[in-house]
Student: 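Before we start, here is the structure in question, set down as structure tokens.
In what follows, chains are A, B, ... by sequence order, proteins preceding strands, each numbered from 1. Everything numeric in this text was worked out from a predicted model, so none of it was measured.
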Protein chains: 2
Amino acid sequence: MNVSFNKRDPVYIQVVRQFKERIATGTFEPGQEIPSRRELANQLKINPNTAQRAYKEMEEEGLIYTEGNNPSRITKDEHVLAAVRGELLEEAVDSFMTSIRRIQIPFDELVEVMKEKYQEQSGKEGGEIK
Amino acid sequence: MNVSFNKRDPVYIQVVRQFKERIATGTFEPGQEIPSRRELANQLKINPNTAQRAYKEMEEEGLIYTEGNNPSRITKDEHVLAAVRGELLEEAVDSFMTSIRRIQIPFDELVEVMKEKYQEQSGKEGGEIK
DNA sequence: TAGAATGTATTAAACGATTAATACACTTTT
DNA sequence: AAAAGTGTATTAATCGTTTAATACATTCTA
């Protein structure tokens, strides 16, 4: 587990995002057991309630499920799983589009700028320390 | 003046951004007089101090200047003016790249998704009501 | 069976930033 | 000269969210 957080976004949101990324990239398998709230809290040095908050969030989105008081698991719902990556992507693109909409930049120029950045960033493993 | 703000970002930041967009797209000319703090506050229905905060921000970035207690003006500094658009763009791209870095999406696919969105959004005039 | 581990719920505290209130100095205008 | 308009500075209040404290019910385990 990567224990780096930025201090701009709430911790619980960042935890959720990490899980989504791991689901999207296949690091998590369907039905896979995930750490208990308290264990995750220990690992990440966060408050157990913060972990709980993140899990609750994910549960409401159908990303994980919990039966009885057993450790929660990654959902097996193929639809949900398949959608995660697309949602992350779409979210990012939408937000991006919104922020450049008014600058009136031609699409080609946009692609050009991005191409440069894309190469620069290849191989980087982002995240700021708290 | 567009009087729509989203409630996620601070008002003074959004004001700064609007000015930057207007500079970037040429709506504001070098040396052009801009509204006084109190007048802008009236127009946008915001607190005068919030307007002041926005102007202070812009003054520190060299976007505007103030001589004596005359109304502030858009800078005439060509370097600054030329940089505004690039900064807005780069900022957006950077933030975008950060958010998709870990999803491992091929550049071509990315361009594809964006192309669709780009067309969809053509002609839209964004901004949420407070 | 006692203890430790689960998940869960309720309530309180802390925190930080933004926004607002107020006052001051100066200049222009009436 | 008075009034209204500038920009500026200092300090206080507001605000919402996040984080934390605490307790409870259940289940597994030693």
Side-chain angles (χ1 to χ4, degrees), chain A residues 1 3-20 28 31-76 127-130, chain B residues 1 3-20 28 31-76 127-130:
Chain A
M1 269 287 180
V3 283
S4 56
F5 295 109
N6 70 58
K7 55 185 175 184
R8 187 181 152 205
D9 304 309
V11 171
Y12 80 98
I13 292 284
Q14 295 182 59
V15 171
V16 170
R17 182 172 179 93
Q18 282 210 9
F19 272 83
K20 285 186 179 175
F28 279 141
Q32 178 174 341
E33 192 172 289
I34 59 178
S36 78
R37 278 74 169 159
R38 291 172 176 86
E39 191 182 333
L40 182 74
N42 261 340
Q43 289 177 8
L44 303 184
K45 316 289 183 200
I46 62 179
N47 190 284
N49 286 300
T50 304
Q52 159 65 4
R53 173 104 189 237
Y55 277 22
K56 188 181 178 189
E57 201 81 8
M58 290 193 281
E59 191 131 25
E60 285 171 356
E61 294 186 35
L63 292 172
I64 65 175
Y65 66 94
T66 311
E67 287 169 343
N69 62 347
N70 301 315
S72 304
R73 295 176 174 277
I74 303 293
T75 183
K76 296 172 183 169
E128 306 147 29
I129 302 297
K130 189 172 193 178
Chain B
M1 268 291 180
V3 284
S4 57
F5 295 110
N6 70 59
K7 55 185 176 184
R8 186 182 153 204
D9 304 309
V11 172
Y12 79 98
I13 292 284
Q14 296 182 60
V15 171
V16 170
R17 181 171 181 96
Q18 282 210 10
F19 272 83
K20 286 186 179 176
F28 279 142
Q32 177 174 342
E33 193 173 286
I34 59 177
S36 78
R37 277 73 170 161
R38 291 171 176 84
E39 191 183 334
L40 182 75
N42 261 340
Q43 288 178 8
L44 304 183
K45 316 289 183 200
I46 62 178
N47 190 283
N49 287 298
T50 304
Q52 159 65 3
R53 173 101 190 242
Y55 277 21
K56 188 182 178 189
E57 201 80 8
M58 290 193 281
E59 191 131 25
E60 285 170 357
E61 293 185 35
L63 292 171
I64 66 175
Y65 66 94
T66 310
E67 288 169 344
N69 62 346
N70 301 316
S72 304
R73 294 177 175 277
I74 303 292
T75 184
K76 296 172 183 168
E128 306 148 27
I129 302 295
K130 192 171 192 176

Student: As an exercise, state the distance from CG of B:N42 to CZ of B:R37, rounded to the nearest 0.5 Å.
Tutor: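 Interatomic distance, B:N42 CG to B:R37 CZ, rounded to 0.5 Å: 14.5 Å.
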Student: For B:N47 and D:dT14, what is the distance between atoms CG and C1' respectively, to the nearest whole Å?
Tutor: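 Computing the B:N47:CG to D:dT14:C1' distance gives 12 Å.
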Student: Report the distance from atom CG of A:L40 to atom CD of A:Q52, rounding to the nearest 0.5 Å.
Tutor: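 Between A:L40 CG and A:Q52 CD, I get 11.0 Å after rounding to 0.5 Å.
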Student: Would you please classify the geometry between the A:F19 ring and the A:F28 ring as parallel, tilted or perpendicular, with 30° and 60° separating the classes?
Tutor: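 Judged by the thresholds at 30° and 60°, the geometry between A:F28 and A:F19 is parallel.
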Student: D:dG7 P sits how many Å from B:L40 CG, rounded?
Tutor: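 Rounded to the whole Å, the gap is 10 Å.
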Student: Looking only at non-hydrogen atoms, find the nearest pair between B:Q18 and B:S4 and report the distance.
Tutor: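 Closest approach of B:Q18 to B:S4, heavy atoms only: NE2-O, 4.1 Å.
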Student: Check the distance between D:dT8's C1' and B:E57's CD and give it to me in whole angstrom.
Tutor: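 Those two atoms, CD and C1', are 16 Å apart.
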Student: Roughly how many Å is it from CG in B:L44 to P in C:dT19, rounded to a whole number?
Tutor: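 Value for this atom pair: 12 Å.
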Student: Between A:D9 (CG) and D:dT19 (P), how many Å, whole number?
Tutor: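 Answer to the nearest Å: 10 Å.
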Student: A:G31 and A:R73: which non-hydrogen atoms are nearest, and at how many Å?
Tutor: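 Answer, listing the atom of A:G31 first, then A:R73: O-NH1, 2.8 Å.
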Student: Considering just the side-chain nitrogens and oxygens of B:T50, establish if one lies under 4.0 Å of OP1 or OP2 belonging to C:dT18.
Tutor: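 It does not, given that no N or O in the side chain of B:T50 lies less than 4.0 Å from OP1 or OP2 of C:dT18.
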Student: Strictly below 4.0 Å: does B:R53 bring a side-chain N or O up to OP1 or OP2 of C:dT19?
Tutor: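 Negative; the distance criterion is not met.
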Student: Scan nucleotides 3-8 of chain C nucleotide by nucleotide, 5' to 3', and note B when protein non-hydrogen atoms come under 4.0 Å of the base, S if they reach only the sugar-phosphate, - if neither.
Tutor: ---BBB
Student: It should be established whether A:Y12 places a side-chain nitrogen or oxygen under 4.0 Å from OP1 or OP2 of nucleotide D:dT19.
Tutor: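 So the side chain of A:Y12 is outside the cut-off, no N or O lying under 4.0 Å from OP1 or OP2 of D:dT19.
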Student: Apply the test side chain to side chain donor-acceptor pair (under 3.5 Å) to residues A:S72 and A:E59: give CA-CA distance (whole Å), side-chain angles for both, the deciding distance (0.1 Å), then the verdict.
Tutor: CA-CA 9 Å; A:S72 304; A:E59 191 131 25; 4.9 Å; no
Student: Using 0.5 Å steps for rounding, measure from the CZ atom of B:R8 to the CD atom of B:Q14.
Tutor: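 Here the rounded value is 10.0 Å.
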Student: Rounded to the nearest angstrom, tell me the gap between atom CG in A:N6 and atom P in D:dT18.
Tutor: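 Going from CG in A:N6 over to P in D:dT18 covers 13 Å.
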Student: Atom NZ of B:K56 and atom P of D:dA9: how far apart are they, to the nearest Å?
Tutor: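 Distance check: B:K56 NZ to D:dA9 P gives 6 Å.
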Student: May I have the distance from B:R73 (atom CZ) to D:dG7 (atom P), rounded to whole angstrom?
Tutor: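 Going from CZ in B:R73 over to P in D:dG7 covers 12 Å.
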